[in-house]
J.: 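Questions regarding the structure given below will be posed in turn.
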2 protein chains.
Amino acid sequence: MVEGIRVTGVVDAVAEALRAAAIGGELEPDRPVTEAWVAARFAVARPSAKAAIEKLVGEGVLERTAHRSARVRRLDADAVRDVYRTRRRIESAAIRELAGERRRPDAAAEADAEIAAHLGGSSVDIVDPDLRFHSAIVDALGSERTSRAYRSLTEEVRQCMAQVQGRGLISVDTILAEHERMLELIAAGDGEAAVAVLAEHLGRAEERLAAVVATP
Amino acid sequence: MVEGIRVTGVVDAVAEALRAAAIGGELEPDRPVTEAWVAARFAVARPSAKAAIEKLVGEGVLERTAHRSARVRRLDADAVRDVYRTRRRIESAAIRELAGERRRPDAAAEADAEIAAHLGGSSVDIVDPDLRFHSAIVDALGSERTSRAYRSLTEEVRQCMAQVQGRGLISVDTILAEHERMLELIAAGDGEAAVAVLAEHLGRAEERLAAVVATP
DNA sequence: CTCGGTATACTTGTCTAACAATCTGGAGCT
DNA sequence: AGCTCCAGATTGTTAGACAAGTATACCGAG
């Protein structure tokens, strides 16, 4: 049995631990994740391990074909591009709506403050607050379904970051400057300009990551 | 065992049949869907029924709390609004991109032709081609993740249609006219105007459905 | 008559055990 | 060398069992 408090159940606990291992990079891609291995690793029965694996397959964290072992999905350049373009679509819509009401998302500003604390440091440390900034913009819409769609994208980004291990990142200064510019434009009601900054912001990250992912 | 060809497996077949029953309205909301009932209904073992139910819970078709029976989710006015606003966000982004390249989605025009065949008929018959029209616009982006996000929304719309049973629908003429206007504007490269038509188009449907769902 | 606590029935959660179906990789043969 | 076939490994499915939790019905007290 897995350690810790059992709020939900064995299957969810195992799924959570497995997800953390997958997006954290502890499980390298293409390594088979068999039901037996998961069962032994977390000391649960095989059906429980199976259920946890199937849950993650449903979420897209793992991939599997019939009668084959599951494996951590390896993101290629096309997948990275698709993730970032979908991010841009959702986030652009959010920005336009927020700018239309001149509504500045406070949670995004707080995430920016955390990024500012790492000025001059490594960009790896700001992956989390950066994603929190972008998620805050989307969450400001108060739309359960829009946020859910965006969340699955951020998890893929996190997994991608673990895969490239800090290569191809953009300087903290640039990220922070563009974030603040976007917030200013939203507060000023200029949605189109804010969307343009976002397109530049995400487009550059897309290019960098796609290039790095393609060259191991 | 469920009838038909087993391409994938028992669990997927049962899940598919259950999903069809849920979004088709055969399973009314709030009616408990127990594992034992599903197992008996499709002549499978309880673990298989359990897996199928959990798959649908993961997709959001069914909802369940611990140790309680699963049930078909009942959509309320807030849920309908959230679905339609999220649809608008994704579809607006798609329209802007397509209009930017003056790229007219052919599959959407084909769906419109099918709608035209029902002119003067009941709006219930065009639910499918109407959703196909909108999906075609999104699918024209060629983005796996964007399409997947939109697909889950269309399934919720379908379920909602089964729930309201044809009340509060909009005339076929109006729908078709707005569809064709959107395609024209996309081909002309006027994305903003096309988005405005879409907002009107979906906004009206949102209001109608939300009102109908709220009054049983 | 109403309220509250208990007990029971129902449902899900988890595990053990087993066998069938299928895929992979290598041994052996041509 | 290339192909075939077999054995091992892994998943797919089922059966049965017991534990754990929730909701509801029932009964007694006020």
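Residue numbers start from 1 in every chain, and the chains themselves are labelled A, B, ... in the order their sequence lines are given, proteins ahead of strands.
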J.: Looking at CG of A/L153 and SG of A/C160, how far apart are the two atoms once the value is rounded to the nearest 0.5 Å?
T.: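 Rounded to the nearest 0.5 Å, the CG-SG separation comes to 12.5 Å.
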J.: Closer than 4.0 angstrom, basic N to acidic O: yes or no for A/E206 and A/R85?
T.: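 Yes.
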J.: Within the structure shown, what part of the strands sits under 4.0 Å from B/P32 by heavy-atom distance: base, sugar-phosphate, or nothing?
T.: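 No contact at all - B/P32 keeps every heavy atom at 4.0 Å or more from the nucleic acid.
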J.: Using 4.0 Å as the upper bound for N to carboxylate O, is an ion pair formed by B/E155 and B/R151?
T.: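 So B/R151 does not pair with B/E155 through a salt bridge.
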J.: What's the CH2-P distance between B/W37 and C/dT11, to the nearest Å?
T.: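 Going from B/W37 (CH2) to C/dT11 (P), I get 13 Å.
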J.: Spell out protein contact along nucleotides 6-11 of chain D as letters: B when the base is contacted, S when just the sugar-phosphate is, - when no protein heavy atom is under 4.0 Å; keep the 5' to 3' order.
T.: ----SB
J.: When the distance from CD of B/E54 to P of C/dT11 is rounded to whole Å, what number comes out?
T.: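 Those two atoms, CD and P, are 17 Å apart.
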J.: Just say parallel, tilted or perpendicular for the rings of B/W37 and B/F42, cut-offs at 30° and 60°.
T.: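 B/W37 and B/F42: perpendicular rings.
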J.: Measure from the side-chain N and O atoms of B/R87 to the backbone N and O of B/T154, and report whether any donor-acceptor pair falls under 3.5 Å.
T.: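 Between the backbone of B/T154 and the side chain of B/R87 there is no qualifying donor-acceptor contact (under 3.5 Å).
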J.: Taking the side chain from B/E35 and the backbone from B/P47, do they hold a donor-acceptor pair closer than 3.5 Å?
T.: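 Such a contact is absent between B/E35 side chain and B/P47 backbone.
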J.: Mind calculating the distance between CZ (A/F42) and C1' (C/dT14) to the nearest angstrom?
T.: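 For the pair A/F42 CZ and C/dT14 C1', the rounded distance is 17 Å.
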